[in-house]
Amino acid sequence: GAPVEVNIRKAEPGQLVRVKWRGKPVWVVRRTPDMLEGLSKVEDRLRDPNSEEPQQPEYAQNQHRSIKEEFFVAVGICTHLGCSPSYLEKGMGDHVDGVESGFFCPCHGSKFDIAGRVFESVPAPLNLVVPPHYFIDENTILVG
Ligand code: FES
């Protein structure tokens with residue numbers, strides 16, 4: 001499949017931009033400072049908080065799982081059985097164990113934080129996949 005360009009110039013803080021890459025949904029979330037602050041608060045409840053498992057490029061093996069802290073890029077497919085999780089923006093966090101924002105898979109209840117890191121005690125075994133990507137310029141990400 002061909003790489004896909006994502007224009008993020010108009011993405012508002014908190015917004016999730018959806019594109020398709022190789023037939024899969026890919027998300028780009030422009031995270032708010034609050035969302036980034038929340039990353040440290042949940043680590044004792046995550047399976048792989050430091051992203052040591054191999055489902056991301058090296059440049060996403062960090063707490064925020066991205067190149068730039070602000071922009072999170074992920075394949076929007078649950079690592080359990082392949083449903084597409086819902087994006088829970090601020091104020092919708094009840095599904096996510098009191099966490100303000102993250103992703104919730106309605107199929108069997110898997111929960112991920114706003115860096116796609118999976119919570120313990122849900123069926124999904126791994127963090128959401130981060131696809132290969134880079135910044136062409138300030139406003140454009142190339143996925144693939
Ligand atoms: Fe997402 Fe099962 S497919 S929890």
Side-chain angles (χ1 to χ4, degrees), residues 1-135 140-144:
V4 170
E5 277 189 21
V6 191
N7 187 327
I8 51 173
R9 190 170 63 86
K10 288 186 183 158
E12 303 283 343
Q15 192 182 339
L16 183 151
V17 177
R18 293 164 200 274
V19 296
K20 273 233 151 146
W21 171 65
R22 296 187 176 176
K24 297 174 192 164
V26 167
W27 301 333
V28 178
V29 181
R30 182 170 185 181
R31 291 181 287 205
T32 63
D34 272 5
M35 287 174 168
L36 291 169
E37 231 168 76
L39 293 178
S40 304
K41 297 180 188 159
V42 292
E43 300 205 315
D44 56 337
R45 289 187 278 150
L46 303 173
R47 247 194 248 292
D48 181 18
N50 301 316
S51 287
E52 285 159 5
E53 299 279 357
Q55 71 281 21
Q56 60 268 310
E58 231 170 73
Y59 46 78
Q61 283 178 347
N62 49 52
Q63 184 191 48
H64 43 92
R65 302 190 72 225
S66 59
I67 298 170
K68 297 187 185 183
E69 288 196 3
E70 195 175 10
F71 290 100
F72 176 53
V73 182
V75 175
I77 294 177
C78 183
T79 55
H80 182 219
L81 295 173
C83 291
S84 194
S86 309
Y87 173 45
L88 305 173
E89 234 191 294
K90 191 175 163 64
M92 300 176 67
D94 289 353
H95 294 293
V96 198
D97 291 340
V99 175
E100 289 273 349
S101 55
F103 307 94
F104 176 74
C105 184
C107 288
H108 315 95
S110 287
K111 302 166 185 179
F112 306 85
D113 81 344
I114 199 64
R117 297 179 299 175
V118 68
F119 281 81
E120 284 172 350
S121 74
V122 300
L126 296 170
N127 294 345
L128 295 179
V129 174
V130 175
H133 65 281
Y134 68 95
F135 285 76
T140 319
I141 299 173
L142 193 75
V143 177

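Every number for a ligand or one of its atoms is a count from 1 in the order of the listing.
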Contact check, side chains of [X] and [Y], non-hydrogen atoms, under 4.5 Å:
| X | Y | answer |
| --- | --- | --- |
| Asp113 | Leu46 | yes |
| Pro57 | Val130 | yes |
| Glu70 | His64 | no |
| Val129 | Lys24 | no |

Problem set entry | N, O or S atom of His108 closer to atom 1 (Fe) of ligand 1 than 2.8 Å | no

Exercise. Do you know which N/O/S atom name in His80 is closest to atom 2 (Fe) of ligand 1?
Worked result: ND1

Taking only heavy atoms of [X] into account, list the atoms of ligand 1 that are under 4.0 Å away from them.
| X | result |
| --- | --- |
| Cys83 | 3 (S) |
| Leu81 | 3 (S) |
| Cys105 | 1 (Fe), 3 (S), 4 (S) |

Problem set entry | Euclidean distance, Arg30 CZ relative to Ile8 CD1, rounded to 0.5 Å | 7.5 Å

Exercise. Does Cys78 approach ligand 1 within less than 4.0 angstrom via side chain, backbone, both or neither, non-hydrogen atoms only?
Worked result: side chain

Exercise. Can you tell me the protein heavy atom closest to atom 4 (S) of ligand 1 and the distance?
Worked result: Ser110 OG, 3.2 Å

For this session: Look at the aromatic rings of Trp27 and Phe103 and report parallel, tilted or perpendicular, splitting at 30° and 60°.
Result: parallel

